[in-house]
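Report on the following structure.
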Amino acid sequence: MTEFTELAIRHVTKSYVVDETPLPVLQDVSLSVLPGEFVSIVGASGCGKSTLLRLIVGLDDVYRGEILLGGTQVSGPGADRGIVFQDHRLFPWLTLTENITLALDAFPLPAEEKAQRVRDAIALVGLSGFERARPAQLSGGMAQRAAIARALVRRPAILLLDEPLGALDSLNRTRLQDALLDIWEAQRTTVIMVTHDVEEAVYLSTRIVVMEPRPGRIRSVIPVELAARDRAAPDFVALKQRVLADLRH
Amino acid sequence: MSGATLSEALRAARGGAVPWSRGLVLPFALALVWVWSIHVGWLSSPLAIQPERILLAPFDDAAGREIWRAIAASVLRYAVGTGIGILLGLALGAAMGLSSTVERASGGSFHALRQITLFAWIPLLTAWFGNGEASKIVYIALSAFFPVALNTATGLRNVPTSYREVSRVLSLSRRQEIRRVLLPAALPAITIGIEIALISAWIGTVGAEYAIGNGRGIGTFVSEGREQFRMDIVIIGVIALAATGYLATRVCRRLSSLALMRASGLT
């Protein structure tokens, strides 16, 4: 496990240039995420929440402001951050094991340890027995579990989830939400998840960031302090209503 | 999928549910009309020959027996020329698809040269390489080279951004990215390029033999048969040409798909 590191996003502003006119995507976004937190980012389409994840993971380096991980400026992708996209993006020509092993390619580990780590990651997401399956042979939920295993096998300090359950049916969604909770509790990883689903955000997070679009800004940050994770409990429903109210604002 | 639906799907994929024995009816009927019209004397020109003469041609006289060596010469020439063309096409296509510097430096010339009809190369090639084997090999190699280079370059350039992002997020080395991500993703396009090359190189083989004319080969065999008014030789030559081409492209396709699968770690 990587040492606990704080993520600090400071005054991040980002625009895309469309037809020579700058189009602001993120405006003065600041957010600190402490080790072990589960932060959900909700907001309407176009509020820049996925862009923010791309900046954190290092796929895009063109922005103003700072993104610091443990005090160091993030530049380019690194082993300390893992990401799961909405489409699982497993390579269809590789088996489950090969897909996950590829994530350790840049790690100078003995082959035996790599194999053990891959087995552990597969077991953690509940896919033992499917090691030799190809992505096309997995269901949507299983493929998404595999994508999570591929991110976790690198043991990142921060796991970034970009609408990871967005393409799943509701039954699979609920199952995978519980799987995510188990993983988070077992690994003590920091998680930042982008989602459309307010109930999912309330169910999983320790903090919810509500963003507003055009340009993308943080509207409010709502701590989640629930007695229990019970979707029918009055405090759960009230919190959900509050987030929804902030979104509609 | 049950056995029955699978075989139905396979048949549909091969182009229709017509059993192939039914496809033989028309050729047999035509052959029958041919034999019959010669027997009753409708056709009596020296160009009208009996089918059995054609079947005997490869075994009968010296000129006819030449067909076996012609087939061997054509196949050998095809294999050498196609091999060279495919390898060079893969090399340049990969360089253009993987490096924008190479693409900028050579892409323009490549696309300009590609516009030249293949047959237009023959005068140039014979001027450079003479009227012999070298010109033919270069010509066959050229006809295989262009489709492979083009498809390899396009296939590699069109690998989806989503895959490239994964290889960046996983910090793959350039070598691993090419081997594990770009090459397998471009494999379908590369395979299509090679399949086109295999067919176009066979046309190139026969075309070179016709146009350059000397030496052995099925093309030469057929054009000599025509000069000597030996219709049996012409027709058996054409049949051999079709059959050899079919078999040669089938064998090469199998070999190339095996080689590509191995290269991209799919076996």
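Protein chains get the first letters and strands the later ones, always in sequence-line order, with residue 1 at the start of each. What you see below is based on every heavy atom in this structure, not just the backbone, and it leaves out hydrogens, waters and symmetry mates.
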Take atom [atom1] in [X]; do more than 12 heavy atoms of anything else shown fall under 6.0 Å from it?
{"X": "B/Arg174", "atom1": "CZ", "value": "yes"}
{"X": "A/Gln73", "atom1": "CD", "value": "yes"}
{"X": "B/Arg250", "atom1": "CZ", "value": "no"}
{"X": "B/Tyr246", "atom1": "OH", "value": "no"}

Open item on the list: Distance check, rounded to the nearest 0.5 Å: B/Gln176 atom CD versus A/Leu102 atom CG?
Closed with: 6.5 Å
Side chain to side chain, [X] and [Y], heavy atoms closer than 4.5 Å:
{"X": "A/Trp93", "Y": "B/Leu187", "result": "no"}
{"X": "B/Val166", "Y": "A/Arg150", "result": "yes"}
{"X": "A/Arg154", "Y": "B/Leu170", "result": "yes"}

Task: Contact winner vs chain A - B/Ser173, B/Ala185, B/Ser171, heavy-atom pairs under 4.5 Å - done: B/Ala185
TODO: Heavy atoms only: give me the nearest A/Leu90-B/Tyr163 pair and the separation to one decimal.
DONE: O-CE2, 4.1 Å
Open item on the list: Shorter than 4.5 Å, heavy atoms on both sides: which option in A/Ala103, A/Gly76, A/Gly78, A/Gly82 has the most such pairs with chain B?
Closed with: A/Ala103
Task: Ion pair check, B/Arg180 and A/Glu98, cut-off under 4.0 Å - done: no
Open item on the list: Can you tell me which portion of A/Phe85 sits under 4.5 Å from chain B's heavy atoms? Options are side chain, backbone, both or neither.
Closed with: side chain
